[in-house]
Amino acid sequence: MSTAAFHISSLLEKMTSSDKDFSGLRLIPAVKNNIYDIDKSPLSNRVLWAAMNFSSSSETAKRRLTVTNFATRGLGLGLLVDWLKPESKAAVRRFMATSDLMSELQKDSIQLDEDSERKVVKMLLRLLEDKNGEVQNLAVKCLGPLVGKVKEYQVETIVDALCANMRSDKEQLRDIAGIGLKTVLSELPAAATGSGLATNVCRKITGQLTNAIAQQEDVAVQLEALDILSDMLSRLGAPLGAFHASLLHCLLPQLSSPRLAVRKRAVGALGHLAAACSTDLFIELADHLLDRLPGPRAPASPATIRTLIQCLGSVGRQAGHRLGAHLDRLVPLVEEFCNLDDDELRESCLQAFDAFLRKCPKEMGPHVPNVTSLCLQYMKHDPNYNYDSDGDEEQMETEDSEFSEQESEDEYSDDDDMSWKVRRAAAKCMAALISSRPDLLSDFHCTLAPALIRRFKEREENVKADVFGAYIVLLRQTRPPKGWLEAVEEPTQTGSNFHMLRGQVPLVIKALQRQLKDRSVRARQGCFSLLTELAGVLPGSLAEHMPILVAGIVFSLVDRSSSSTIRMDALAFLQGLLGTEPAEAFHPHLPTLLPPVMACVSDPFYKIAAEALLVLQELVRALWPVDRPRMLDPEPYVGEMSAATLARLRATDLDQEVKERAISCMGHLVGHLGDRLGDDLEPSLLLLLDRLRNEITRLPAVKALTLVAVSPLRLDLQPILADALPILASFLRKNQRALRLATLAALDALAQSQGLSLPPSAVRSVLAELPALVNESDMHVAQLAVDFLATVTQAQPASLAEVSGPVLSELLRLLRSPLLPAGVLVAAEGFLQALVGTRPPCVDYAELISLLTAPVYDQAVDGGPGLHKQVFHSLARCVAALAAACPQEAAGTANRLVCDARSPKSSTAVKVLAFLSLAEVGQVAGPGPQRELKAVLLEALGSPSEDVRAAASYALGRVGAGNLPDFLPFLLGQIEAEPRRQYLLLHSLREALGAAQPDSLKPYAEDIWALLFQRCEGTEEGTRGVVAECIGKLVLVNPPFLLPRFRKQLAAGQPHTRSTVITAVKFLISDQPHPIDPLLKSFIGEFMESLQDPDLNVRRATLAFFNSAVHNKPSLVRDLLDDILPLLYQETKIRRDLIREVEMGPFKHTVDDGLDVRKAAFECMYSLLESCLGQLDICEFLNHVEDGLKDHYDIRMLTFIMLARLATLCPAPVLQRVDRLIEPLRATCTAKVKAGSVKQEFEKQDELKRSAMRAVAALLTIPEVGKSPIMADFSSQIRSNPELAVLFESIQKDSASVPSTDSMELS
């Protein structure tokens, strides 16, 4: 028998027990914890003692009455249930036992057998009818955890009993039953988990609820039933599909109820039903509402109109994406009603517009002008208040704050005034308008912005917050999209928006001047939020208004009557301002600004102190930068700042955040103003050293020490160096990666700034830790370690002698890694150069070359290169770095490399390394070996080894770039004379064009141009690709002269020439600003006309070029998208004339010649999502994504990714067509591969399913999608299919554990 069953059986034994059976029980009161433990004593004492502590219901709220540890005494649930008997006269013990029952039920470990379940359920249902309200409330709370512990039929028993109680004559019992049903519903597992319990329970409740709603006798029962139904539909709407029709027909009549409360609840329930019902029922609901709405001049009850408009608003908020087709009928009616003289109706109309704009932005397009006009009209709708004229307002701004405060106390107030709700709804609707139509931003700056600024004077606090919110939305929309590069990338339209916004800044500041000193904390917080956003969008625009801003900041910083939040907001705003405005703007105001900031640094509340230290740090960094001459004398301020920071730094009983901020602030003070600290400098350094020893503060202390070390003030750090270096050395052994990285940065900074003054013994202790860090397990740490080694080698070469062997051994092992990042390679080159560059050298040049090349030269058997290709390039770069550091050795090294390359005894690996090294060394080795090189390189181009040929080709180009007069004519002659080696020679030419100086290439430009265009019509696509890259590099030599020539080639050239020219343009685009960008932008439109070229290859090349532009430099094409997008979308369509059948023996195989072009077009569409989202019509875009979901495997994979991305970026349009998007996803997930198919077909289908499931998971992150009947049906299908259920679960786990990537490389 289980423990729980035993406890229940003990209940049965005690059911007939009298009080005497408890003789020997004694109650021990634990007064300190208000806990009453059971021990042996008479029951009457126990009850009496508890009753003394339960004298009133108010007392219950203050005390926690509990019976502890029943289970350990062998009483457990049995005694609990015994105590719960309603016939027991003591409500106290029922309360106590119920409380403990709830605690037991909340434990995961408890498990009930069938008999225990039945008895606990029966007892709790009886307690719901208890005469004591406290016991009833606790019993209701027990239902929540109980639902998850009992079987389904017991839950249905609970639900039946609660529904019966809902119809009771007793009001208290009805209330308790309503709360109980809501509690049970909230604990039911969602249908998405696969549990059928929720569906079954809801079906059981629904019929009883509809009966309760339909009966008009008892309004209280109606209201409770409507509340429960609304809750149920919001959580579990889709599984109740069978009841939707009856629910709709039950709810619609309630819109005509004479009781306002019934109508409001019916409106809410209909909104939730609209999101989950079928399309036919939704149309019925929409038609009913529209038909019931009378014309504005037809006689109708105002209450009826208000209810219908509120219902439309509720439907719009919950299922607005389904209203799109009805808006043309609906919006004009709502506009008319908005003009009736009824403030409550106006509010409902504006709220409905708000929902329509957010959910159906495209369909609302034709109605935007009218809605804008209504918003402007009603945002200033305040008939009961006479705002001051502009002249009076200006006069009031000059008056003192006391008069302003007195005036605000005397403001008009009327409890019956509803106009503020209209103004608030108008402001929210305006925010929706701005956020849903970014394409109209310029118009909004002209029309809405001035109106919003004028309404900053709003008298009602809630409305003012929404006015500020709407203007903040406008500012956020004005921010340049992610990926635009400064002014170079600023498009014309955005530039005009910025220009208009700059014109608004003085008006904004004037309107906020009084608000910054308003008594209302919320108003000032709104001002700071708005100004922070403005400073972020237009850095530097607030500098000329600094006197007003500083006065407002100081007013909030010294205001101790309000909560601490406003001071933190003021400090955060000041910190942001210091980062966006020029330092000179703060100079005149520092005497006013610094004292309140210093007071905040000393504030006892840790959050204010931490924020103030951050502001002080930013003040020091901004006003006295280390990289520019000081424009402000720090002498009057440095003592106060230093004293305040030192006081915080010395205190040990501080919050961790304050400690860290104080250390960082002191680091900035010493680094920027250390020369002015005087006697405070040494104590500050010693305190930093002390914090370095503390495990909690060591990381911020290391970062502060780095700031001090890199300071150009070159402070004397001798007082702490001897102690600090061994501590830093110990940090290099710690597991904390951030600490190791910070420590290496600090050591490098100290080595650079202190150099020879570092104690040699301490340096050696640090160097001893470094060999362990130079390995490929953490490349970033390795890079910093090698950088530090290079610095120490130059500063103290003698200290390196002891560890040079182990360090060099680890470094050479690291250089053999194929994963070596460029940063580590550069660091390694610097260290190797430092080793041979000291006098005397730490390591001999010849020895170091030998060590570097040993892995290649020591290979026993010539089986081709044994090392990874990347390793050869790394070693070659290091050989060249050593040759550059020792120019006298360069010629000898080059001669040895030529000999190794020529020798027939050399292995393939040796030859590859020799050629790659010559490519790097040849440019510094002088002309001697270069004459001999030509023959060696030409001979190597015929080598049987592909690796040797590629290395020789690379070397020919790189060496030629260093000696163009000798090599370039020779190379061009070879291209003409050796057609079989043309591909390799063109690679050499590409390297030469990339490595040579543009001016040195100009004399040869015409010859190269002619030669390249002769090879544009070659049959091999690979050769044409290299030609295109060469043409691109050649154009960069003289863009104004060569780029216009492309026009002629595009107009007159053959198809291959045209595609080569377009591909060459792609190589002109880089992700960094380049002088050719403005010129290129002027030609982009002409190049994009090639999308209309009849040749498929030309169109594919044009799409590849367009994708590169969108991905790397979107400003080149943004302004042309209106013309380009129709051509792009045209390429996404399947063309039947390009599909042909090919006979392969007895089989026929279908070939789609247009597939590559379509795939390129969809890749462009994905790139557009990342960088040009604001310029896209998402509904039109989705049309083509929808088509792609049914296309070829490759395209479906792309469109699944796009759909997942769209679900995150713009959920509203996706939600509108989710029913259509589900079908292709369902078809993919349920598709079967034909029996007998090859393994690759099964793998492709599995990958397709996984990708489709990722799209489904992304769609389900949109809150309203789960309510769609089609999505609910598909979710059910996924759960019922074991294979799909497992796949879906694994994808959800992956998405939860791995952060989603914001973009995908497709260029």
Side-chain angles (χ1 to χ4, degrees), residues 354 375 379-380 382 385 387 393 396-397 401 404-405 407-409 411 419-435 444 448-479 501 504-538 541-542 545-546 548-559 561-577 580 607-608 611:
D354 184 342
C375 288
M379 193 171 63
K380 56 188 179 185
D382 199 356
Y385 190 80
Y387 286 92
E393 193 175 322
M396 288 169 69
E397 283 169 8
S401 59
S404 299
E405 288 178 13
E407 184 196 30
S408 65
E409 287 173 9
E411 282 179 354
S419 64
W420 69 271
K421 291 187 176 180
V422 177
R423 298 196 301 279
R424 183 180 64 178
K428 289 188 177 206
C429 187
M430 204 174 278
L433 190 61
I434 295 165
S435 62
F444 292 155
L448 301 189
L452 284 167
I453 294 168
R454 284 195 294 272
R455 290 309 304 169
F456 288 174
K457 64 185 176 183
E458 170 63 51
R459 64 190 174 94
E460 183 64 42
E461 199 172 86
N462 291 324
V463 183
K464 186 185 292 184
D466 284 313
V467 171
F468 284 161
Y471 194 75
I472 287 172
V473 171
L474 183 67
L475 291 174
R476 286 177 181 161
Q477 293 289 84
T478 311
R479 272 184 189 273
L501 187 55
Q504 295 165 23
V505 172
L507 300 174
V508 170
I509 299 298
K510 182 180 176 183
L512 293 182
Q513 185 169 0
R514 284 180 61 207
Q515 312 290 341
L516 283 167
K517 295 188 178 181
D518 198 293
R519 280 187 314 153
S520 163
V521 170
R522 192 174 174 194
R524 280 182 275 155
Q525 285 177 322
C527 292
F528 288 140
S529 297
L530 190 149
L531 289 167
T532 301
E533 200 68 41
L534 181 58
V537 175
L538 278 182
S541 61
L542 300 180
H545 308 287
M546 204 56 71
I548 295 171
L549 299 179
V550 168
I553 291 168
V554 171
F555 179 84
S556 288
L557 288 181
V558 299
D559 177 17
S561 61
S562 306
S563 69
S564 55
T565 312
I566 188 62
R567 281 188 285 158
M568 289 166 60
D569 288 339
L571 287 166
F573 171 59
L574 176 56
Q575 185 206 343
L577 212 57
T580 59
K607 286 192 174 180
I608 291 179
E611 199 70 45

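Remember, predicted model here, so these are calculated numbers, not experimental data.
With hydrogens and angles ignored, the 3.5 Å screen pairs no side-chain donor or acceptor of Gln504 with any backbone N or O of Ala449. Side-chain atoms of Gln515 never come within 3.5 Å of backbone atoms of Cys527 as a donor-acceptor pair (strictly under, hydrogens ignored). Within the 3.5 Å criterion, the main-chain N or O of Ala432 finds a donor-acceptor partner in the side chain of Ser435. In this structure a side-chain-to-backbone donor-acceptor pair under 3.5 Å is present from Arg524 to Asp518.
Rounding to the nearest 0.5 Å places NZ of Lys457 at 10.0 Å from CZ of Arg514. The distance from the CZ atom of Phe573 to the CD1 atom of Ile566 is 11.0 Å, given to the nearest 0.5 Å. Residue Thr532 holds its OG1 atom at 8.0 Å from CG of Leu577, rounded to the nearest 0.5 Å. Taking CE of Met430 as the start and CG of Asp466 as the end, the distance is 11.5 Å to the nearest 0.5 Å. The CZ atom of Arg476 lies 4.5 Å from the CD atom of Glu533; values are rounded to the nearest 0.5 Å. With rounding to the nearest 0.5 Å, the separation of CD1 in Ile509 from CD1 in Ile548 is 6.5 Å.
Counting all heavy atoms, side chain and backbone alike, Ser419 lies closest to Asp382 at OG-OD1, 3.6 Å. What you find for Ile608 and Leu571 is that their closest heavy atoms are O-CD1, 3.8 Å. Taking all atoms of both residues into account, the shortest heavy-atom contact from Cys429 to Cys375 is SG-SG, 3.5 Å. Considering all non-hydrogen atoms of both residues, Leu557 and Ala570 come closest at CD2-CB, 3.9 Å. Residues Ser556 and Arg567 share a closest heavy-atom pair of O-CG, 3.2 Å. The two residues Leu534 and Ser541 come nearest to each other via the heavy atoms O-OG, 4.4 Å.
Between Leu516 and Phe555 there is no side-chain heavy-atom pair separated by less than 4.5 Å. Two residues are said to be in side-chain contact when any heavy atoms from C-beta on lie closer than 4.5 Å; Ile472 and Ser529 meet this criterion. The shortest side-chain heavy-atom distance between Met379 and Val463 does not fall under the 4.5 Å cut-off. Inter-residue side-chain proximity for Lys510 and His545 is flagged as unmet; no heavy-atom pair is nearer than 4.5 Å.
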Under the side chain to side chain contact (heavy atoms under 4.5 Å, CB included) rule, what do Tyr471 and Ile434 come out as? Steps first, then yes or no, please. CA-CA 9 Å; Tyr471 194 75; Ile434 295 165; over 6 Å; no

Step by step, work out the side chain to side chain contact (heavy atoms under 4.5 Å, CB included) result for Phe456 and Leu507. CA-CA 10 Å; Phe456 288 174; Leu507 300 174; over 6 Å; no

Derivation and outcome, side chain to side chain contact (heavy atoms under 4.5 Å, CB included), residues Leu448 and Leu474: CA-CA 9 Å; Leu448 301 189; Leu474 183 67; 5.6 Å; no

Begin from the C-alpha positions of Thr565 and Val521 and carry the test side chain to side chain contact (heavy atoms under 4.5 Å, CB included) through to its verdict. CA-CA 9 Å; Thr565 312; Val521 170; 5.7 Å; no

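Between Glu460 and Arg423, no side-chain nitrogen of the basic residue sits less than 4.0 Å from a carboxylate oxygen of the acidic one, so the salt-bridge criterion is not met.
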